[in-house]
Participant: 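The structure that follows is given in the form of structure tokens.
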Amino acid sequence: MARCSPPLLRRLFCRAAKSASAAGAGAGGTSKKNIVFLGSPQVAASVLETLLVASESPDSSFQVSAVVTQPPAAKNRGRKLMPSAVAQLALDRGFPGDLIFTPERAGEEVRPELCITAAYGNILPQRFLDIPPYGTVNIHPSLLPLYRGAAPVQRALQDGVEETGVSLAYTVRALDAGPVIASEKFAVDEYIKAPELLAILFNLGSKLLLHELPSILDGTAKEKAKPQDDSKITHAPKLNSDESWLSFNQEAKLLHNKLVNQNGEPDVLEIKVISTKACASCDKTGDGNEVLFSGNSLLIPCGGSSCLEVVELQLPGKKVTTARDFWNGLRGQRLLKSP
């Protein structure tokens, strides 16, 4: 895996393009189109896996000629540098290590015919976007122009939407603002969590990409792609740490929508709330700040006489546990919420 300075990256991509052209020549001298994939986390790795498998088909019109991903990052307690999920997947599949690039910015002079991005993590400069003749296509987990930005799934769940989806769109300089090639809707239930929904949407996006690749590579996708309706734009900025705190003066439904966004952050009781249900009213009553238990859930009184039912939680340094097991461990002690 090569971490490249601009001149070195330029040379390597030129070499990659030449070797890919030679390797991609099929019967009758027909060459496969060279695709460069840009992505980093696990959901992007699933997209790369789909592309690599499809490219191995004898009648495939494309091949993945290079991968661009984020640099290795320190992980776990040992703080050992580990490759991104995309880089690891590529290596595990035997993809040449010298064609897996980890530049700080993807603005160097590369020569792909098409770029595919999925949760890459860097903004691409115009000089990069001008290079591939078939453009750069992004898989975005929302129904654009809704939820443009870094956290579309989290913000959609926070808003309590009943439907979201995934879009395949051309990348332009403005964030998530390019013409939409295709999209697919997905119904959201109130119990799905952000990581699960994110994986589902990128899986749908992978299938949508394979379906649309022929039109992207013959240029007809640019003709049918629809400009976004700017009057319907909503934004999805990255979540910040302050948003992880819970205010139980809010209604339970709002807190539940907030919690399905994440695996939970410590509240003032040093408890991570993992999964919840929203209850419009509480059958059991205690004093205003007392946390009760009913069925299999902790009942936390919230605004508007509603309750947040906590089904799973986690104590610092411990594994996720059920509310029942946690309650049994209290051995009769009262549990009070933070005012």
Side-chain angles (χ1 to χ4, degrees), residues 142 146-147 149-164 186-200 234-339:
S142 82
L146 301 178
Y147 299 107
V153 168
Q154 293 89 338
R155 296 298 181 183
L157 291 177
Q158 191 176 65
D159 290 344
V161 300
E162 296 181 353
E163 182 181 74
T164 185
F186 182 79
V188 178
D189 66 50
E190 62 177 316
Y191 304 118
I192 196 166
K193 298 176 185 176
E196 179 186 357
L197 180 55
L198 194 66
I200 290 171
T234 61
H235 297 284
K238 184 178 179 180
L239 297 174
N240 61 61
S241 59
D242 290 341
E243 292 180 274
S244 65
W245 290 89
L246 302 182
S247 172
F248 292 107
N249 293 324
Q250 295 177 304
E251 291 192 11
K253 180 64 176 176
L254 294 176
L255 298 181
H256 170 74
N257 290 343
K258 188 176 189 178
L259 285 163
V260 293
N261 283 328
Q262 52 203 331
N263 289 332
E265 293 291 340
D267 62 14
V268 294
L269 298 175
E270 296 189 355
I271 292 174
K272 291 184 180 180
V273 179
I274 303 299
S275 60
T276 61
K277 299 178 183 178
C279 183
S281 61
C282 291
D283 295 331
K284 300 185 69 173
T285 58
D287 70 39
N289 291 324
E290 185 174 3
V291 177
L292 303 173
F293 182 82
S294 179
N296 292 307
S297 305
L298 297 179
L299 303 180
I300 303 177
C302 302
S305 300
S306 61
C307 280
L308 185 71
E309 295 187 36
V310 176
V311 181
E312 293 178 307
L313 51 89
Q314 185 176 16
L315 297 172
K318 304 293 184 181
K319 294 182 178 180
V320 173
T321 187
T322 64
R324 176 175 289 281
D325 288 343
F326 170 75
W327 187 261
N328 290 340
L330 292 177
R331 300 181 183 274
Q333 298 179 76
R334 294 181 71 203
L335 186 64
L336 301 176
K337 72 170 186 176
S338 174

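None of the values given here were measured: they were computed from a predicted structure.
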Participant: To check you understand the geometry: which heavy-atom pair defines the closest contact between Q158 and L239, and what is its length?
Facilitator: NE2-CD2, 4.4 Å

Participant: For a quick test of reading the model, state the closest non-hydrogen atom pair linking Y147 to S142 and the distance between them.
Facilitator: O-OG, 3.5 Å

Participant: Mind checking what makes side-chain hydrogen bond (donor to acceptor under 3.5 Å, both in side chains) contact with T164, not counting sequence neighbours?
Facilitator: none

Participant: Run the side-chain contact (heavy atoms from CB on, under 4.5 Å) test against N296 and tell me which residues pass, sequence neighbours left out.
Facilitator: R324

Participant: Not counting sequence neighbours, which residues clear side-chain contact (heavy atoms from CB on, under 4.5 Å) with L313? List them please.
Facilitator: I271, L298, V310, T321, F326

Participant: Only one of V311, T322, V320 passes side chain to side chain contact (heavy atoms under 4.5 Å, CB included) with I274; say which it is.
Facilitator: V320

Participant: Please check if the number of heavy atoms outside E162 that lie under 6.0 Å from its CD is greater than 12.
Facilitator: no

Participant: Taking atom CG of L198 and atom NZ of K193, what is their separation to the nearest 0.5 Å?
Facilitator: 14.5 Å

Participant: Could you tell me whether the side chain of T276 reaches within less than 4.5 Å of the side chain of E309, counting heavy atoms only?
Facilitator: no

Participant: Apply side chain to side chain contact (heavy atoms under 4.5 Å, CB included) to I200 and I192, showing your working.
Facilitator: CA-CA 11 Å; I200 290 171; I192 196 166; 3.9 Å; yes

Participant: List the atom of P237, the atom of A151, and the distance in Å for their closest heavy-atom pair.
Facilitator: O-CB, 3.5 Å

Participant: Nearest 0.5 Å, please: how far is CZ in R155 from NE2 in H235?
Facilitator: 12.5 Å

